[in-house]
Amino acid sequence: MGRNVVAMILAGGKGTRLHQLTKKIAKPAVYFGGKYRIIDFSLSNVANSAIDSCGVLTQYESVVLNNYIGNGSKWGFDGVDSTCVALAPRQTESGANWYKGTADAIYQNIDFLDEEDPKYVLILSGDHIYKTSYDEMIRLHTESKADCTISVLEVDIKEASRFGILEVDSNDVITKFVEKPKEPKSNLASMGVYIFTYKALRSALIEDHKDPNSENDFGKNIIPKMLKENKKLVAYRFKGYWRDVGTVDSLHQANMELLPSKRTEDTIHFDEYPKVFSEDTNSLPQFIDKKAKVKDSLINQGARIFGDVSESVISNEVMIEEGAKVVKSVLMPGVIIRKGAYVENAILGPNTVIKEKEEINKNTGKIVLLDYERNLQQ
């Protein structure tokens, strides 16, 4: 019978701008918000859209991510009629090939899509922070009879060169698309979220694969070629909070925007629909000592606080000892802050230990990243 919509999540990037955090794991597996991993948001969005078939395309340092995805039970994909699978590059009759680009990643999994036999394919990134349901976007795509619909948002024109930039007519039909233009003429940016009619997508992928000059990328090749061939491409205007956490500064900022004092209509509200699902760490309840001071912070289960914490995001199994102070920082699972230490404007990777009375980044105004390897070097 086939499915109406299948989701394909691109989760194979290196995330090199996050430095030590992605040295051993893929960017979508990086911890976020004290309780989550980055990919939880994309998978939860798919689940909340009642899409029951999902492929997660992994590649770089994929072991942790593949294990985390499992059978999709964390997001409710483990039912009789639902599917969630990690799709890593594999050896076939034609040999073994890494995914060359975003389009090639989908092309190498055409057999998976053919077996699912969908009418539409939703393609999205596994490393963005946002909450949504794709229902309205899918509705726009079907009602407009588009070959492709692209989710877009308006960005600061000074930042536009970082994105794929679109131009549209009065009906939001896309008339031009340029990937990361040096001199953008529009501030309407692609979010890297696409809905394709599968018949049109399949044909475009096969043609692209045959082109020896193609970079096998949606923004650089597939979308411009579809426009050139007069295919109908439509822009869906996304409203709400969306962040690309590709740098240390942006990851820190997005964590800070979760705090109660930073809450606005646009920021993420975890207590509102749609929900974000994640792994249950089965930690003990959090403990905050009566002498501790906690202000405007998120504290996850399993954390033990004996010192002072302000404007910070604290993950599970974190220990902050007596006399220690943590300010405007993100502490990932297993971090230990020893007695009398001071940490400010920092991201501390999993299992990092700050020594007794050590000062990290005090009054610099910059954001720093430290991980557990510094402990091995000391």
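Along the sequence shown, the residues carry numbers beginning at 1. Side-chain atoms are counted along with the backbone in the values below, which use heavy atoms only and exclude waters and symmetry mates.
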Where the side chain of [X] meets the backbone of [Y], is there a donor-acceptor pair that is under 3.5 Å apart?
X: Ser312; Y: Ser310; value: yes
X: Lys366; Y: Asn361; value: no
X: Asn48; Y: Ser44; value: yes
X: Asn316; Y: Pro333; value: no
X: Asp40; Y: Arg37; value: yes
X: Ser329; Y: Val327; value: yes

Inset, instruction - Applying salt bridge (charged side-chain N to carboxylate O under 4.0 Å, His left out), name anything that partners Glu317, two or more places apart in sequence or on another chain. - result: none
Interatomic spacing from [atom1] in [X] to [atom2] in [Y] - rounded to 0.5 Å:
X: Asn216; Y: Asn221; atom1: CG; atom2: CG; result: 6.5 Å
X: Thr149; Y: Ile174; atom1: OG1; atom2: CD1; result: 7.5 Å
X: Ser42; Y: Leu122; atom1: OG; atom2: CG; result: 9.5 Å
X: Asn109; Y: Leu57; atom1: CG; atom2: CG; result: 4.5 Å
X: Gln108; Y: Lys100; atom1: CD; atom2: NZ; result: 7.5 Å
X: Ile314; Y: Ile299; atom1: CD1; atom2: CD1; result: 5.0 Å

Legend entry - Verdict with supporting geometry, Thr247 and Asp249, side-chain hydrogen bond (donor to acceptor under 3.5 Å, both in side chains): CA-CA 5 Å; Thr247 65; Asp249 284 356; 5.8 Å; no
Inset, instruction - Please step through side-chain contact (heavy atoms from CB on, under 4.5 Å) for the pair Ile354 and Leu370, ending with a clear verdict. - result: CA-CA 10 Å; Ile354 303 302; Leu370 301 175; 4.2 Å; yes
Inset, instruction - Report the residue from Ile336, Val309, Leu348, Asn300 that forms a side chain to side chain contact (heavy atoms under 4.5 Å, CB included) with Leu331. - result: Leu348
Inset, instruction - Please state whether the rings of Phe306 and Phe287 are parallel, tilted or perpendicular, taking 30° and 60° as the class boundaries. - result: tilted
Legend entry - Aromatic ring pairing His128/Trp242, orientation class (parallel under 30°, perpendicular over 60°, tilted between):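 His128 vs Trp242 ring planes: perpendicular.
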Inset, instruction - Kindly write out the residues that satisfy ring pair (Phe, Tyr, Trp, His ring centres under 6.0 Å) with Tyr134, not counting sequence neighbours, or none if the list is empty. - result: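 Tyr134: no ring pair (Phe, Tyr, Trp, His ring centres under 6.0 Å) contacts found.
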Inset, instruction - Applying ring pair (Phe, Tyr, Trp, His ring centres under 6.0 Å), name anything that partners Tyr342, two or more places apart in sequence or on another chain. - result: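 So Tyr342 forms no ring pair (Phe, Tyr, Trp, His ring centres under 6.0 Å) with any residue.
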Salt bridge check, [Y] against [X]: does any charged N sit closer than 4.0 Å to a carboxylate O?
X: Glu272; Y: Arg263; result: yes
X: Lys225; Y: Asp147; result: no
X: Glu322; Y: Lys339; result: no

Inset, instruction - Run the ring-centre check on Tyr107 versus Tyr99 and record whether the distance is less than 6.0 Å. - result: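 That pair fails the under 6.0 Å test.
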Inset, instruction - Taking the six-membered ring for Trp and the single ring otherwise, decide whether the centroids of Tyr36 and Trp75 are under 6.0 Å apart. - result: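 Not close enough - the centres of the two rings lie 6.0 Å or further apart.
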Inset, instruction - Under the side-chain hydrogen bond (donor to acceptor under 3.5 Å, both in side chains) rule, what do Ser125 and Asp127 come out as? Steps first, then yes or no, please. - result: CA-CA 6 Å; Ser125 172; Asp127 56 10; 2.3 Å; yes
Quick check: do [X] and [Y] have side-chain heavy atoms less than 4.5 Å from each other?
X: Leu43; Y: Phe277; value: no
X: Val193; Y: Met137; value: yes
X: Arg139; Y: Glu136; value: yes

Legend entry - Same apolar cluster: Ile195 and Met226, side chain cutoff 4.5 Å: no
Inset, instruction - Answer yes or no on whether Lys231 is positioned over the face of Phe196, meaning its NZ or CZ is under 6.0 Å from the six-membered ring centre and within 45° of the axis. - result: no
Inset, instruction - State which residue, out of Glu358, Glu356, Glu321, fulfils the side chain to side chain donor-acceptor pair (under 3.5 Å) condition with Arg338. - result: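 Only one of Glu358, Glu356, Glu321 forms a side chain to side chain donor-acceptor pair (under 3.5 Å) with Arg338, namely Glu321.
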Inset, instruction - In sequence, state the C-alpha distance, the side-chain angles, and the governing distance for Asp244 and Lys27, and then conclude on salt bridge (charged side-chain N to carboxylate O under 4.0 Å, His left out). - result: CA-CA 11 Å; Asp244 180 349; Lys27 179 182 171 184; 3.5 Å; yes
[atom1] ([X]) with more than 12 external heavy atoms under 6.0 Å:
X: Asp280; atom1: CG; answer: yes
X: Lys232; atom1: NZ; answer: yes
X: Lys35; atom1: NZ; answer: no
X: Lys325; atom1: NZ; answer: no
X: Lys291; atom1: NZ; answer: no

Inset, instruction - Step by step, work out the side-chain contact (heavy atoms from CB on, under 4.5 Å) result for Thr83 and Val6. - result: CA-CA 10 Å; Thr83 301; Val6 169; over 6 Å; no
Inset, instruction - Might you work through the side-chain contact (heavy atoms from CB on, under 4.5 Å) test for Ile106 and Val121, ending with a clear yes or no? - result: CA-CA 10 Å; Ile106 303 297; Val121 177; 5.6 Å; no
Legend entry - side-chain contact (heavy atoms from CB on, under 4.5 Å) between Ser53 and Phe112, intermediate numbers included: CA-CA 11 Å; Ser53 179; Phe112 170 78; 4.2 Å; yes
Inset, instruction - Return each pair, listed once, that meets side chain to side chain donor-acceptor pair (under 3.5 Å) where at least one residue sits in residues 164-185; pairs must be two or more places apart or across chains. - result: Asp172-Arg237
Legend entry - Pairs involving residues 190-205, ordered by first then second residue, that meet side chain to side chain donor-acceptor pair (under 3.5 Å) (sequence neighbours left out): Asp114-Tyr198, Asp114-Arg202, His141-Thr197
Legend entry - Flag for Thr264-Asp266: side-chain donor and acceptor within less than 3.5 Å: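 Side-chain D/A pair, Asp266 to Thr264: absent.
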Inset, instruction - For the residue pair Glu61 and Thr22, confirm or rule out a side-chain donor-acceptor distance under 3.5 Å. - result: no
Would you list the atom pairs, donor with acceptor, under 3.5 Å between side chains in residues 252-261 and any protein atom, with sequence neighbours excluded?
residue: His252; atom: NE2; partner: Lys328; partner atom: O; Å: 2.8
residue: Gln253; atom: NE2; partner: Glu257; partner atom: OE2; Å: 2.9
residue: Asn255; atom: OD1; partner: Gly33; partner atom: N; Å: 2.9
residue: Asn255; atom: ND2; partner: Leu251; partner atom: O; Å: 2.9
residue: Glu257; atom: OE1; partner: Tyr241; partner atom: OH; Å: 2.5
residue: Glu257; atom: OE1; partner: Arg243; partner atom: NE; Å: 3.1
residue: Glu257; atom: OE2; partner: Arg243; partner atom: NH2; Å: 3.3
residue: Ser261; atom: OG; partner: Asp296; partner atom: OD1; Å: 3.4
residue: Ser261; atom: OG; partner: Asp296; partner atom: OD2; Å: 2.2

Legend entry - Working for side-chain hydrogen bond (donor to acceptor under 3.5 Å, both in side chains), residues Asp371 and Thr352: CA-CA 5 Å; Asp371 76 337; Thr352 301; 5.8 Å; no
